Amino acid sequence: MDNHRDKHFCIPQNDFPKIVVIGAGFAGINFIKKLKDKPVQVILIDQNNYHQFQPLLYQVAISGLEPDSVVSPIRKLFKSCINMIYRMAKVEEIDTKNNCVYTDIGYVNYDYLVIATGSSTNYYGSLNIEKYGIGLKSINDAINIRSWMLQNLELAVEGCNFEEKTALTKFVIVGGGPAGVEMAGALAEFKKYLLSNDYPEIEYESMHIYLIQSADRILPTMSLKASEHALKILKKLDIEVLLNSRVTDYDGDKITILINDEEKIIESKNLIWAAGVKGNILKGIDEKAIVQGNRIKVNQYNQVEGLENVFAIGDIAAMISDANPQGHPMVAQAAIQQGKILAKNMLYKINKGVFKKPFSYVDKGSMATIGKRDAVADLKNFFLNGRIGWLLWSFIHLISITGFKNKFKVAFNWTMKYLSYEKANQLIIRKYIRKS
Ligand SMILES: Cc1cc2nc3c(=O)[nH]c(=O)nc-3n(C[C@H](O)[C@H](O)[C@H](O)COP(=O)(O)OP(=O)(O)OC[C@H]3O[C@@H](n4cnc5c(N)ncnc54)[C@H](O)[C@@H]3O)c2cc1C
């Protein structure tokens, strides 16, 4: 056994039930907030010392927002939560027989365990795409995309022939869900408002943006109206949308695409992969509990199959029922709602021996923004698009970002950007070195 595996976490000992939470995403933080000042000891473990607001990562990627606007330090978030202890650590394994969580800095025992590890980019087994492309799942990814894009534009202005220049200024986004559509729209706005100002040496036409989608429409989880409107706006923004198309390989220079089974090669140095996610499974979880998409099968109280005191919430949890054969969608609302209800259920169970009420997902609708002034929103009884859709999208995202300071920074940036796009700062915070 490694040394760190023998070392118990240095935490205050008391008689309160000990709840270990793995993951400070939407699910984890909403679970913990509900346990503030309750007679339980909560130990939160996350590999990062911040919570990330993933819906706005694409804006960091195109320099529309700075990284600190979309992340919140965990210690600040829970400053007044005195029954919560945070440890920055990566969980390596869980031992559900001995109620123990092993991390890279030591181990900790629990009475109750909550797995809220979320999901990560799914490259569907393609090692080449994983190696040469860049995902859009974390603040690190967003900074990498920004650096890589700006580094390539800097290379394109000097010392290369026409073919190289074209490959450096060609952007291929894979995945026509909300993340891909938003990323493509934002890149198109970058081209429209910033390219000629900041890179006068690069001709406007030479920056070409593709959006590759395997299904026959973009935004397939939204209404047909939403898909059609989004497609119309993306085309207006000069984005080439390839439907029924699958990227099958990438060697860092050439992207292989199957369009209706016909092979096409696009030469590009920039591949952004937003085509799917899979659950972050921890070592020690019984294989029988793992279902499609690398998610953990839970019952209606978020209890992991076969385990009395282990729960899973958020993206990692698959609450499968006849009405919901795939489990709930991997979105922030499902994670938030599961976090809140599990906290109530767990307190009830600790005090009264039974759970209070089963989880029932309230679908508040879905939205995606397309470029600077347009969005689509499927709400319960109606559909919105255009400027009104965009205003609603902006409002919802603004109230959802954690922390007053972040809300203020984002609102300020958006106002400036709305009035004049030129205010964005294209900073390469750190260089991105692609794996070779
Ligand atoms: C680009 C993008 C855009 C999105 N846009 C939207 C949107 O507009 N609307 C919407 O509803 N949803 C959106 N989503 C989905 C939404 O962000 C997720 O559904 C949500 O974040 C899930 O929350 P979670 O708490 O389950 O997991 P996460 O938020 O992913 O948090 C998981 C946490 O677990 C930690 N962790 C994982 N493994 C370990 C380990 N081994 N040890 C320690 N810590 C670990 C991670 O560091 C992380 O902090 C978007 C996602 C992406 C990537």
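Remember, predicted model here, so these are calculated numbers, not experimental data. Start at 1 and go down the list; that is how both ligands and their atoms are numbered.
- In the candidate list Gly25, Ala334, Gly314, Pro55, Pro55 is nearest to atom 13 (C) of ligand 1, counting heavy atoms.
- Contacts of Ala27 with ligand 1, taken as heavy-atom pairs under 4.0 Å, involve both backbone and side chain.
- The nearest non-hydrogen atom to atom 1 (C) of ligand 1, considering only Ile313, Leu136, Leu44, Ile29, comes from Leu136.
- Here the heavy atom of the protein found nearest to atom 34 (O) of ligand 1 is Gly23 CA, 3.3 Å.
- When hydrogens are left out, the protein atom nearest atom 11 (O) of ligand 1 is Ala332 N, 2.9 Å; that is the closest non-hydrogen contact.
- Here Asp68 does not pair with Lys405 in a salt bridge; the nearest charged N to carboxylate O distance is not below 4.0 Å.
- A salt bridge links Lys349 and Glu308; the closest N-O separation between the charged side-chain nitrogens and carboxylate oxygens is under 4.0 Å.
- With respect to the salt-bridge test (charged N to carboxylate O, under 4.0 angstrom), the residues Arg5 and Glu93 qualify.
- The pair Arg373-Glu189 does not count as a salt bridge, with every side-chain nitrogen at least 4.0 angstrom from each carboxylate oxygen.
- For the residue pair Gln426 and Phe190, the shortest heavy atom distance occurs at CG-CE1, 3.9 Å.
- Counting heavy atoms closer than 4.0 Å to ligand 1, residue Met330 contributes backbone atoms (N, CA, C, O) but none from C-beta onward.
- One finds a salt bridge joining Asp238 and Lys191 here, because a Lys/Arg side-chain nitrogen approaches an Asp/Glu carboxylate oxygen to under 4.0 Å.
- Distance from atom 37 (C) of ligand 1 to its nearest protein heavy atom, with residue and atom name: Thr117 O, 3.2 Å.
- When hydrogens are left out, the protein atom nearest atom 21 (O) of ligand 1 is Phe26 CD1, 3.2 Å; that is the closest non-hydrogen contact.
- Close to ligand 1: Asp46, with a non-hydrogen atom less than 4.0 angstrom away.
- Given atom 2 (C) of ligand 1, the protein heavy atom at minimum distance is Gln54 O, 3.6 Å.
- Note that atom 42 (N) of ligand 1 has protein non-hydrogen atoms nearby, at separations under 4.0 angstrom.
- Using a 4.0 Å heavy-atom cutoff, His397 is listed among the residues neighbouring ligand 1.
- Looking only at protein heavy atoms, the nearest one to atom 26 (O) of ligand 1 is Asp315 N, 2.9 Å.
- Looking at Gln47, Glu92, Lys283, it is Gln47 that brings a heavy atom closest to atom 45 (C) of ligand 1.
- Aromatic ring centroids of Phe171 and His208 lie 6.0 Å or more apart.
- Neither the backbone nor the side chain of Thr103 has a heavy atom within less than 4.0 Å of ligand 1.
- For Ala116, every heavy-atom contact with ligand 1 shorter than 4.0 Å involves the backbone, none the side chain.
- With a heavy-atom cut-off of 4.0 Å, Ala89 touches ligand 1 through its backbone alone.
- Looking only at protein heavy atoms, the nearest one to atom 23 (O) of ligand 1 is Ala335 CB, 3.7 Å.
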